[in-house]
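Take a look at the structure set out below.
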Amino acid sequence: MEVEKAHSDRSAGRCRPLVLFFDLVFILTLLRLGQALVDQLSWTGVLETLILLLAAFSIWTFTASVCDTFDPSRPVIELFIFGTMIGALVMAVAIPGAFGERGVLFAATYVALHIGRDLLLLVILRGHNAQAAVVQGLLWFGASAVPWIVGAFTRGPVRPALWAFAILLEYAIARLRFPVPRRGRIQPKDFPPAGEHLGERYRQLFTVALGEVFLAAGIAHGLGDFEAYSNVAFAVTFISTVLIWRIYIYRAGALLEAAVFRAYEPIRISRSVSRAHAIMVAGVLTVSVGGKLVISHPVEHTRPAWISVILGGPVLFLLGRVVLERAVGGRFHATRLVAVVVLAALAPVLLYLPPLVAASAAAAVLGGVTVTDTIRI
């Protein structure tokens with residue numbers, strides 16, 4: 001089966017139910033990551049959470065690429081998706097102890113998913129020119145597997161250092177299109193992105209990420225005593241999430257397909273879109289952590305680490321939204337950057353106020369961006 005025909009058939013089918021079903025695994029991943037960050041809200045915890053988030057996002061991105069290229073209704077692709085779902089669930093289960101006793105489980109599963117996918121593609125693309133491109137990716141993932149596995153058997157700061165090196169290597173090499181001496185880089189024509197499908201897939205992922213915020217907030221609120229301040233904190237978290245969705249979908253979020261389809265270099269825009277969503281999903285995860293903290297401690301003394309996540313989540317989201325807007329439209333509205341500056345300026349003041357006030361201030365800033373977008377329509 002040729003890649004071009006498979007790609008055409010896949011695009012015509014739009015998002016199949018199985019592909020959307022696969023995205024639901026990401027909810028558990030984000031929920032686990034958020035809880036891990038709450039349990040260790042420090043710079044070390046942030047670094048470890050970021051490493052694990054980038055690993056999970058990498059699995060999602062490459063799986064989405066396979067589903068974008070081949071028809072998910074083919075039995076072999078269905079089995080691939082189910083197998084990846086099992087692996088992703090294992091990674092999610094291992095997240096709380098990934099930098100402890102479950103490091104080998106997490107690293108081995110992650111490496112197996114990447115290498116297993118490329119081995120499967122070698123079989124599917126037997127006799128096709130794109131097979132050489134898969135070999136290049138397989139070589140690099142084999143190289144990055146070394147620090148992943150070695151790191152899993154180490155302790156202390158060595159493991160996060162090796163895993164950080166491995167994940168940064170993978171993202172850098174992917175951006176360079178997996179260069180290999182004498183072979184050069186993977187060419188965009190080998191796996192061309194389907195613009196009409198790309199936007200739908202990333203919107204689905206972002207919606208799933210927002211769903212995790214509701215789930216985490218609901219769990220945190222359900223564990224409390226339904227006091228008045230906690231009820232207000234839950235409402236503020238809900239409103240903030242709705243505002244984030246509204247800001248995301250405004251223009252750029254709704255025009256992803258057309259932008260990639262009309263682009264002179266679709267692969268370049270695809271990378272920018274992926275980078276933007278990685279930043280925004282990180283922001284949404286941070287919003288989820290901030291929401292849980294505010295619901296659990298609405299009127300307690302605000303700690304610097306709490307302010308970092310309560311305001312840092314919206315800041316990360318808005319910065320990612322700027323990257324998305326530039327990728328889709330080549331420009332961005334200054335309102336988002338103004339909102340980032342306002343949130344940063346409020347941080348020192350909000351340190352002396354309860355977490356609920358800080359969360360309300362962040363929601364107000366997001367509301368201001370939403371109003372500005374509405375007026376601009």
Side-chain angles (χ1 to χ4, degrees), residues 26-27 29-43 45-50 52-54 56-57 205-221 233-248 253 276-298 302-324 336-347 350-351 353-370:
F26 212 63
I27 292 181
T29 301
L30 292 175
L31 192 64
R32 289 282 195 168
L33 286 171
Q35 187 57 52
L37 185 56
V38 169
D39 293 340
Q40 189 181 7
L41 194 54
S42 62
W43 287 114
V46 169
L47 173 62
E48 293 177 354
T49 302
L50 180 59
L52 300 180
L53 175 62
L54 290 175
F57 192 79
L205 172 68
F206 192 77
T207 302
V208 164
L210 291 179
E212 188 276 334
V213 180
F214 291 140
L215 180 60
I219 292 174
H221 193 36
F234 181 79
V236 169
T237 302
F238 174 81
I239 293 170
S240 296
T241 307
V242 172
L243 292 172
I244 285 173
W245 175 85
R246 182 63 182 81
I247 295 169
Y248 169 80
H277 280 82
I279 298 171
M280 288 189 293
V281 168
V284 170
L285 174 62
T286 309
V287 168
S288 174
V289 172
K292 291 198 300 187
L293 288 173
V294 174
I295 291 170
S296 302
H297 314 281
T302 302
R303 305 172 189 173
W306 294 3
I307 281 292
S308 298
V309 293
I310 293 172
L311 301 185
V315 166
L316 274 175
F317 163 71
L318 291 170
L319 291 176
R321 186 58 177 74
V322 168
V323 175
L324 178 65
R336 285 111 171 84
L337 292 183
V338 171
V340 169
V341 173
V342 170
L343 288 170
L346 287 174
L350 294 175
L351 269 174
L353 298 172
L356 179 55
V357 176
S360 300
V365 173
L366 291 172
V369 175
T370 303

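Source: prediction; values computed, not measured. Every heavy atom of this structure was used, including side-chain atoms; hydrogens, water molecules and symmetry mates were not. All residue numbers refer to positions in the sequence shown, counting from 1.
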Side chains of [X] and [Y]: closer than 4.5 Å at any heavy-atom pair?
X      : Y      : result
Trp306 : Leu41  : yes
Leu356 : Val236 : yes
Leu337 : Leu319 : yes
Leu285 : Leu33  : yes
Lys292 : Ile295 : no
Tyr248 : Leu210 : no
Leu318 : Leu343 : yes

Inset, instruction - Tell me, with the steps shown, if Thr302 and Leu350 meet side-chain contact (heavy atoms from CB on, under 4.5 Å). - result: CA-CA 8 Å; Thr302 302; Leu350 294 175; over 6 Å; no
Inset, instruction - Go through Leu53 and Leu30 one step at a time and tell me if the side-chain contact (heavy atoms from CB on, under 4.5 Å) criterion holds. - result: CA-CA 8 Å; Leu53 175 62; Leu30 292 175; 4.0 Å; yes
Inset, instruction - Could you walk me through whether Ile310 and Leu293 pass side-chain contact (heavy atoms from CB on, under 4.5 Å), step by step? - result: CA-CA 8 Å; Ile310 293 172; Leu293 288 173; 5.5 Å; no
How many angstroms lie between atom [atom1] of [X] and atom [atom2] of [Y], to the nearest 0.5 angstrom?
X      : Y      : atom1 : atom2 : value
Leu346 : Leu353 : CG    : CG    : 10.0 Å
Phe26  : Glu212 : CZ    : CD    : 10.0 Å
Leu47  : Gln40  : CG    : CD    : 10.0 Å
Leu366 : Arg336 : CG    : CZ    : 10.5 Å
Arg321 : Ile247 : CZ    : CD1   : 8.5 Å
Trp245 : Phe206 : CH2   : CZ    : 11.0 Å

Write down the atom of [X], the atom of [Y], and the distance for their closest heavy-atom approach.
X      : Y      : value
Leu311 : Ala358 : CD2-O, 4.0 Å
Ala363 : Ser240 : CB-OG, 3.3 Å
Ala276 : Val323 : CB-CG1, 3.8 Å
Val294 : Ala359 : CG2-CB, 3.9 Å
Ala362 : Pro314 : CB-CG, 4.1 Å
Arg246 : Thr370 : CG-CG2, 3.5 Å

Inset, instruction - Go through Ile244 and Val287 one step at a time and tell me if the side-chain contact (heavy atoms from CB on, under 4.5 Å) criterion holds. - result: CA-CA 10 Å; Ile244 285 173; Val287 168; 3.9 Å; yes
Legend entry - Ring centre gap for Phe214 and His221 strictly below 6.0 Å: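 Here the rings of His221 and Phe214 have centres that are no less than 6.0 Å from each other.
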Legend entry - Residue among Leu243, Val338, Val342 satisfying side chain to side chain contact (heavy atoms under 4.5 Å, CB included) with Val365: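 With Val365 as partner, Leu243, Val338, Val342 yield a single side chain to side chain contact (heavy atoms under 4.5 Å, CB included), made by Val342.
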